[in-house]
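Report on one structure; see the data block that follows.
Every chain is numbered from 1, with letters handed out A, B, ... down the list of sequences.
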Protein chains: 2
Amino acid sequence: MVVPVVPSLAQRKRQLVSDELREIALQLLARQGYDNTTVDEIAAAAGMSRRTFHRYYASKEDVVIQLLADVGDQVQTELAARPSAEPPAEALRRAVGVAIDFCSGHHDPVKMLAVVRLILGTPTLHARFLSLQAEAQAGLTGVLAARLGLPPDDLYPEMAVRMALAAFDAVLERWAASSGSLDPQELTDAAFAVLAPALRG
Amino acid sequence: MVVPVVPSLAQRKRQLVSDELREIALQLLARQGYDNTTVDEIAAAAGMSRRTFHRYYASKEDVVIQLLADVGDQVQTELAARPSAEPPAEALRRAVGVAIDFCSGHHDPVKMLAVVRLILGTPTLHARFLSLQAEAQAGLTGVLAARLGLPPDDLYPEMAVRMALAAFDAVLERWAASSGSLDPQELTDAAFAVLAPALRG
DNA sequence: GCCTTCGCTGACACAGCGTGTCAACACTGC
DNA sequence: GCAGTGTTGACACGCTGTGTCAGCGAAGGC
């Protein structure tokens, strides 16, 4: 059973609508603010009813957040793909680098900065963002533990991943606060330099 | 201008109602689950209208979460109160210990465990919990930076606090998952042992 | 004593979110 | 052409959180 390369025209169409809907939503939310924008407004701007909006995104938060869910998976994939001989510090640094790149090295950096600022500046979205990160943490911990051949209840992999994510948060916040003027990769290196002594190489 | 030791009968009364309301709410939420319990139910159980409930707590989440907001302040106070000669690792360990003690060393540990499990097991509450922690992180970072005489934009205090909170989360999760059978203070020591090399003493 | 004032309360009404349901429509493959 | 599948809008519903208003009781001034 091979998954078709072209995932059935219907699904492509759905993806297309889904993407454009998010585009419109993000633009509107960034302009008016999260709380000042209703789902009805977004739906109307996209030329559809509120009910249809919810067929693409379960909630207003999801339009913004789901973007980052994909990144979480990419980070986990990257960590799993790093050479197994690589020390955890380096592997984690690279994995976090993927997330940082997604934010700052985006094809439209200005828009991405706006989205990040929207998330960090909106309590509801910030909370969801952290929650998503907690999920990612669980997955990453499993991957790292497997890499190191440690039992899944060992404290080290969990703490190592939590430290790496702490670095990510610190970097993201400072990058957003500087309006993108600070170099995210340099910030990440600096943060990991602090963590290095505890990450064992 | 001295703040009265007895904060005006009206305020005491308000505090009393507030406490009992939370008691009833927590009991109901823990029994039925967060999503299966409406604010109307809680209010009815406390013998008041939904409108009055919201005069004491801004939202259903707040009944549960506000409890922890106070703990956040206590942790910050503890960190500020630690002798300034104390190395950051020890000061942070003690500060986090206050939060751990509040959860596990509570007068009614069974109830507290139920609340913690409720929070960690309910996505909405977990998200709010993390959000609250992010606020606390900002405050703690300021205190630690001041302690160390470092500029407020130095990376070290921020990362140190984030690491300490990462330890707190890891401990809390494992303690809750073990149904309180694991010793929280030992867990905390173990987590801080991992962090120690990066916390500079 | 009465009366004013303040805080608390319940009873509405309202906007917003998210969901279930149903009929209408389009587009696929037989 | 026709049945089957998927998408859409319309409507109704329950739940949350807030504004508003009138009623009620306790505290304090005259």
Taking only Lys NZ, Arg NE, NH1 and NH2, and the carboxylate oxygens of Asp or Glu, determine whether B:R128 and B:D62 approach each other closer than 4.0 Å.
yes
Taking A:E23 first and then A:K111, would you say they form a salt bridge - that is, a charged N and a carboxylate O separated by under 4.0 Å?
yes
Tell me whether B:E86 is salt-bridged to B:R93, with the criterion being a basic N under 4.0 Å from an acidic carboxylate O.
no
Given D:dG9, is OP1 or OP2 found less than 4.0 Å from the side-chain N or O atoms of A:T52?
yes
So B:Y57 and B:F53, would you call those rings parallel, tilted or perpendicular, with 30° and 60° as cut-offs?
tilted
Considering every strand and a 4.0 Å limit on heavy-atom distances, what is the contact class for A:K60: base, sugar-phosphate, or nothing?
sugar-phosphate
Whole-Å distance separating the CG atom of A:D62 from the P atom of C:dC17
13 Å
Consider only side-chain N and O atoms of B:D169 and A:Q137, and report whether a donor and an acceptor are under 3.5 Å apart.
no
How would nucleotides 19-25 of chain C be written as a contact map, 5' to 3', with B for base contact, S for sugar-phosphate-only contact and - for no contact, using protein heavy atoms under 4.0 Å?
BBB----
Counting only heavy atoms and a strict 4.0 angstrom limit, can you tell me which residues of residues 120-128 of chain A come near DNA chain C?
none
From the options C:dC17, D:dT7, D:dT16, select the nucleotide whose nearest atom is closest to the side chain of A:R14.
D:dT7
CG of B:L130 to CD1 of B:I119: how many Å apart, nearest 0.5 Å?
10.5 Å
Distance, rounded to the nearest Å, where A:Y34 contributes OH and C:dG16 contributes P
14 Å
Member of B:Q76, B:Q74, B:R82 meeting the side chain to side chain donor-acceptor pair (under 3.5 Å) criterion with B:E78
B:R82
Regarding A:R117 and A:S179, do their side chains bring together a donor and an acceptor under 3.5 Å, going by distance alone?
yes
Applying a 4.0 Å non-hydrogen cut-off, can you work out what A:Y56 is touching in the nucleic acid: base, sugar-phosphate, or nothing?
sugar-phosphate
